[in-house]
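Here the structure is laid out as structure tokens; the discussion comes afterwards.
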Amino acid sequence: MRDDGTLDDPYAPSSPTAHLEDGTSTERTTAASRLRAYARDLTGRRRAQVALATGVVCCLGLAAVAQVRDESADAATRGASAAGSELAQRAEQQTASRGLDRTAAPSASATATPADPDTTAPARKAAPARPTRPAPVVGLDRAQMQNAETIVRTGRKMGVPRRGLVIAVATAMQESNLYNVASGVLPESQDYPHQGVGWDHDSVGLFQQRSSSGWGPVGRLMDPEFATRQFLAALEQVPGWEGMRLTDAAQAVQVSAYPEHYQQHEWRATRVVDALVSAER
């Protein structure tokens, strides 16, 4: 009989407590196993969720980076386009401004008031035009015309009247045909610029002057200007030369064996001198 007044069941198991304890232990073991399995399953799910979340985050991060790069590229492109547009606008404005300046320049100059003479810069003086050489006349060639020009120019520098220039040109026509001639007798004369070689003793130059007669050094006599000075200086020493016939005045200087030959060149010499003097004016 138990303490609570009940009779023990003679047919009950002899150790009910042991059975109860065994049953409880088995249930506890099963529950614990289920809990551990659940925990493992839960842990696996959480890990999968964490991994999934991590993957999602990475993808979102990459997408964000790509978007930022795209936005940066778009911004750079827009900036470049804007800069290009701005430069194009400036170029158009400058072109338009220049066009307006060019268009407005004539009207501005047309309506401008005259400047103060005191503040105006002095105008440059135009250089005097050089006289042009006249074309050869009376059948002369260019070399002959240039030698005649040297005679006329030299005589005018010396202040010789026109009559003396005509006498000098006519004399050179007779003596050398207006060429600067060297002498075959004086090889020295051929060392200087010349336009032919003659054989009349040691006579050289335009006037066939002889160094042995005191006209001057051979090299100087081969200079047309020096030879002209020598002839005109001697002509001016002839008394009354201006009133003489051309052939007489020339013969007074040259002392030629053919004194009348100078006269035939007077008309041609006059034409040449007139052409040259007119060209110098």
Side-chain angles (χ1 to χ4, degrees), residues 126-211 215-236 246-247 249-251 253-254 256 258-281:
R130 298 182 60 183
T132 58
R133 289 182 174 178
V137 296
V138 297
L140 300 183
D141 60 23
R142 175 58 63 184
Q144 291 172 305
M145 196 69 178
Q146 288 180 355
N147 289 329
E149 182 181 359
T150 299
I151 293 173
V152 172
R153 184 177 63 251
T154 302
R156 288 171 66 84
K157 288 180 180 179
M158 295 174 64
V160 176
R162 180 187 294 253
R163 178 63 176 171
L165 303 180
V166 174
I167 294 173
V169 171
T171 301
M173 285 180 174
Q174 173 59 34
E175 293 292 347
S176 65
N177 197 21
L178 269 176
Y179 289 116
N180 193 27
V181 180
S183 173
V185 179
L186 287 176
E188 175 190 355
S189 64
Q190 301 176 35
D191 295 336
Y192 302 93
H194 58 280
Q195 298 163 327
V197 177
W199 296 91
D200 184 12
H201 303 291
D202 57 347
S203 301
V204 297
L206 290 178
F207 297 92
Q208 290 292 283
Q209 296 157 330
R210 301 176 66 178
S211 179
W215 284 100
V218 174
R220 299 297 303 279
L221 294 176
M222 290 298 297
D223 177 9
E225 184 173 348
F226 178 82
T228 300
R229 287 182 177 276
Q230 292 295 86
F231 175 84
L232 292 175
L235 177 65
E236 289 182 324
L246 183 147
T247 191
Q251 174 63 13
V253 176
Q254 296 297 103
S256 171
Y258 308 97
E260 292 296 325
H261 287 183
Y262 298 107
Q263 190 65 41
Q264 63 182 327
H265 302 290
E266 182 172 5
W267 72 272
R268 296 175 67 222
T270 301
R271 292 277 304 275
V272 171
V273 170
D274 289 344
L276 292 169
V277 171
S278 299
E280 290 185 358
R281 291 178 179 176

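Just so it is clear, the structure is predicted and the values come from calculations on it, not from any experiment.
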About how many Å separate CG of Leu246 and CD of Gln251, when rounded to the nearest 0.5 Å?
11.5 Å
Minimum-distance pair of heavy atoms, taken over all atoms of [X] and [Y]:
X	Y	value
Gly164	Leu232	O-CD2, 3.8 Å
Ser211	Leu221	N-CD1, 3.9 Å
Ser176	Gly205	CB-O, 3.8 Å
Ala249	Ile167	CB-CD1, 3.8 Å
Met145	Pro134	CE-CG, 4.0 Å
Tyr262	Glu175	OH-OE2, 2.5 Å

Spell out, as yes or no, whether a donor-acceptor pair under 3.5 Å connects the side chain of [X] to the backbone of [Y].
X	Y	result
Gln174	His265	no
Thr247	Pro259	yes
Ser183	His201	yes
Gln230	Trp215	yes
Ser203	Gln209	no
Gln264	His261	yes
Asn147	Ala143	yes

Any side-chain donor paired with an acceptor under 3.5 Å for Gln146 and Glu149?
no
Walk me through whether Ile151 and Leu178 qualify under side chain to side chain contact (heavy atoms under 4.5 Å, CB included).
CA-CA 10 Å; Ile151 293 173; Leu178 269 176; 4.0 Å; yes
Picking from Thr150, Val152, Leu165, Val169, what satisfies side-chain contact (heavy atoms from CB on, under 4.5 Å) with Leu276?
Val152
Only one of Gln195, Gln208, Met222 passes side-chain contact (heavy atoms from CB on, under 4.5 Å) with Val181; say which it is.
Gln208
Would you call [X] and [Y] a side-chain contact if the rule is heavy atoms closer than 4.5 Å?
X	Y	result
Asp141	Pro136	no
Tyr192	Asn180	no
Gln144	Val272	no
Phe231	Gln254	yes

Quick one, Arg156 with Val277, criterion side chain to side chain contact (heavy atoms under 4.5 Å, CB included). Give me CA distance, side-chain angles, the key distance, then yes/no.
CA-CA 9 Å; Arg156 288 171 66 84; Val277 171; 3.5 Å; yes
Arg163/Glu236 ion pair, N-O < 4.0 Å:
no
Electrostatic pair Arg210:Asp200 at N-O distance under 4.0 angstrom
no
How about Arg153: does its CZ atom have over 12 heavy atoms from other parts shown lying under 6.0 Å from it?
yes
